[in-house]
Every structure is written in structure tokens, then in C-alpha cells.
Student: 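Here it is, the structure in full.
Fair warning: this is a prediction, and the values are worked out from it, not measured in the lab.
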Amino acid sequence: MSNARAAVWRAPVLLALCVVFFDQLTKHWAVTGLGTDRVIDVFWTLRWNLAFNSGMAFSRGQGFGPVIAVVATVVIVWLLVTLRTESSKLSTFGMGLVIGGAAGNLVDRAFRNEAWLRGSVVDFIDFQWFPIFNIADICINVGAGSLILNSVLSARRAKTLEAAEFEEARGAAAAADAKNATESVTAEEIPEP
């Protein structure tokens, strides 16, 4: 692999690995430290409260774990492939977070049950007025937000660049017209008196 290609992959893949590590570390703590009968009040409505989610976000799609796992795998592979074409720091940051978050939840689905891909995702961050979530979910949402923001900023940059190129082309055309007009006046024969 060339150095340039390795450099494109290095940062987002390292970020994704860090996300998976910290996500699994916090989930391990939640499973062993909280159990099913212990809740820790942290601040205001925030508390640590262990829950298992066999569905997708907001506990929708219960029982579709294998389908969700396949979709998550496809998304991870697609993002890894598209890393080759990304050059923006914001987009590679967002992709790293999304890949890491999806992989963290995929690890739960693959290994947190006796049957392959039938596991439940460990959730433990509970605001009591919002569905319970985990570090991987936070990273997926922040990563997706980064990708959306990058898309908006890229569109604005492209529009600004397009306007600048248009003005440059218009200025060049005006200069060429002026030069042609000057040349046509000097090329005319002026009668001698």
C-alpha cells in the first residue's frame, strides 16, 4: 500500500479503533458494575442504567438483530471504501466516528449472546426522558452530523469557487474584447492628409 493511501486510511481507522475500545470498555463496566438491579444517579436526570437492545435506535425493530448486523457491516465496508476519495478532515473524522460506533454495536450483536448475530446492544446512559444509549450511539450521531456539516460546507465552497471562476472568465472575456477592439482600431488604415 502506498504511503499516500495509508495516510488517508490511518486517522479514521485509528479513530474507529479508539471508539470501539472505549465503547466496549464502558459496556463491560456497565454489564459488570451495574447489573440488572443497580442504577447510579449521576447528575440531574442523568443516570447509569443497564439495558439491552435487540433492535435498532430507540429500541425499534426488536428481533431484527441479524438484519441490522448485516446492514451495519455493509455501511462499515462502504465507508471504508469511500475513505479513498475523501480529503476533508471533517469528513474523515465523521467517517471514523461512524465506523467505530457501528463496529462497537456490531461487536455486541455478534458476541453478546450464544447465537451468532443474535446479541443485544448494551445501553446504559439514561436521561430518563430520552431513550437509553451508549458511547457508540453518541459517536454515530456526532459522526453523521460531521458528515452532514462537511457536505453543506463543501457545497458552499463549490458554489463560491464556481462564482469566482465565472467572474474570472467574465473578466478574461472583457479583457479579450477590449484587446480585440484596440487591435481593430490600430489595424484600420488611417488616411494621410
Side-chain angles (χ1 to χ4, degrees), residues 6 8-83 86 89-150:
V8 169
W9 284 60
R10 189 174 297 126
V13 169
L14 285 175
L15 178 59
L17 291 173
C18 288
V19 167
V20 172
F21 174 77
F22 286 112
D23 175 62
Q24 290 301 307
L25 185 68
T26 58
K27 287 174 179 176
H28 175 73
W29 169 81
V31 169
T32 58
L34 292 174
T36 55
D37 58 347
R38 184 173 177 216
V39 173
I40 299 174
D41 290 316
V42 179
F43 174 74
W44 191 39
T45 62
L46 174 63
R47 65 182 181 183
W48 307 142
N49 180 18
L50 182 64
F52 295 93
N53 181 1
S54 65
M56 55 187 159
F58 308 119
S59 298
R60 302 278 188 228
Q62 295 295 322
F64 286 101
V67 173
I68 296 166
V70 169
V71 170
T73 303
V74 169
V75 168
I76 291 168
V77 169
W78 178 75
L79 287 173
L80 286 170
V81 168
T82 59
L83 276 174
E86 290 301 321
K89 289 180 182 179
L90 187 58
S91 66
T92 55
F93 171 75
M95 285 187 180
L97 288 178
V98 172
I99 291 167
N105 284 340
L106 186 59
V107 167
D108 284 1
R109 292 190 190 287
F111 300 111
R112 292 213 184 262
N113 198 355
E114 298 81 35
W116 177 252
L117 296 180
R118 297 262 182 212
S120 296
V121 173
V122 175
D123 291 327
F124 64 94
I125 303 171
D126 184 6
F127 280 105
Q128 301 179 55
W129 46 267
F130 192 78
I132 302 175
F133 55 97
N134 58 43
I135 300 297
D137 297 335
I138 293 169
C139 291
I140 290 169
N141 284 290
V142 171
S146 297
L147 292 172
I148 292 168
L149 179 61
N150 182 67

Student: Where do Asp108 and Gln24 land on the side chain to side chain contact (heavy atoms under 4.5 Å, CB included) test, with the steps shown first?
Tutor: CA-CA 8 Å; Asp108 284 1; Gln24 290 301 307; 3.2 Å; yes

Student: How long is the span from the OG1 atom in Thr92 to the CG atom in Leu147, to the nearest 0.5 Å?
Tutor: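 Result: 9.5 Å between the selected atoms.
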
Student: Would you call the rings of Phe130 and Phe133 parallel, tilted or perpendicular, where under 30° means parallel and over 60° means perpendicular?
Tutor: perpendicular

Student: How would you list all residue pairs meeting salt bridge (Lys or Arg N to Asp or Glu O under 4.0 Å) that involve residues 13-22, not counting sequence neighbours?
Tutor: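 For residues 13-22, and leaving out neighbouring residues, there are no salt bridge (Lys or Arg N to Asp or Glu O under 4.0 Å) pairs at all.
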
Student: On a heavy-atom basis, which atom in Asn53 and which in Arg109 lie closest, and how many Å separate them?
Tutor: O-NH1, 4.1 Å

Student: Could you measure the distance from the CD1 atom of Ile148 to the OG atom of Ser91? Nearest 0.5 Å is fine.
Tutor: 13.5 Å

Student: Considering non-hydrogen atoms only, spot the tightest contact between Cys139 and Val19 and give its length.
Tutor: SG-CG1, 3.7 Å

Student: Checking Leu25 now: which residues fulfil side-chain contact (heavy atoms from CB on, under 4.5 Å) with it, not counting sequence neighbours?
Tutor: Phe21, Phe22

Student: Indicate every side-chain donor-acceptor pair of residues 95-104 with a distance under 3.5 Å to a residue at least two apart or in another chain.
Tutor:
none

Student: Can you list the residues that meet the side-chain contact (heavy atoms from CB on, under 4.5 Å) rule with Trp29, with sequence neighbours excluded?
Tutor: Leu34, Ile40, Trp48, Phe124

Student: Do Ile132 and Leu50 have side chains that get closer than 4.5 Å, going by heavy atoms?
Tutor: no

Student: Apply side-chain hydrogen bond (donor to acceptor under 3.5 Å, both in side chains) to Asp126 and list each qualifying residue two or more places apart in sequence or on a separate chain.
Tutor: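 Partners of Asp126 under the side-chain hydrogen bond (donor to acceptor under 3.5 Å, both in side chains) test: Arg47, Asn49.
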
Student: Which residue pairs satisfy the side-chain hydrogen bond (donor to acceptor under 3.5 Å, both in side chains) criterion with at least one member in residues 135-146, sequence neighbours excluded?
Tutor: Asn105-Asp137

Student: May I have all residue pairs that pass salt bridge (Lys or Arg N to Asp or Glu O under 4.0 Å) and include part of residues 66-78, sequence neighbours excluded?
Tutor: none

Student: I'd like to check Thr26 versus Val122 (side-chain heavy atoms, cut-off strictly below 4.5 Å). Are they in contact?
Tutor: no

Student: Taking side-chain hydrogen bond (donor to acceptor under 3.5 Å, both in side chains) as the definition, give me every residue that meets it alongside Thr73, ordered by chain and number, with sequence neighbours left out.
Tutor: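 Counting only residues at least two positions away or on another chain, Thr73 forms no side-chain hydrogen bond (donor to acceptor under 3.5 Å, both in side chains).
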
Student: Is any side-chain heavy atom of Asn150 closer than 4.5 Å to a side-chain heavy atom of Lys89?
Tutor: no

Student: Could I get the full list of side-chain contact (heavy atoms from CB on, under 4.5 Å) partners for Trp44, not counting sequence neighbours?
Tutor: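 Residues passing side-chain contact (heavy atoms from CB on, under 4.5 Å) with Trp44: none at all.
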
Student: Residues in salt bridge (Lys or Arg N to Asp or Glu O under 4.0 Å) with Asp23, at least two apart?
Tutor: Lys27

Student: For residues Asp41 and Gln128, report the shortest heavy-atom separation together with the two atoms involved.
Tutor: OD1-NE2, 4.4 Å

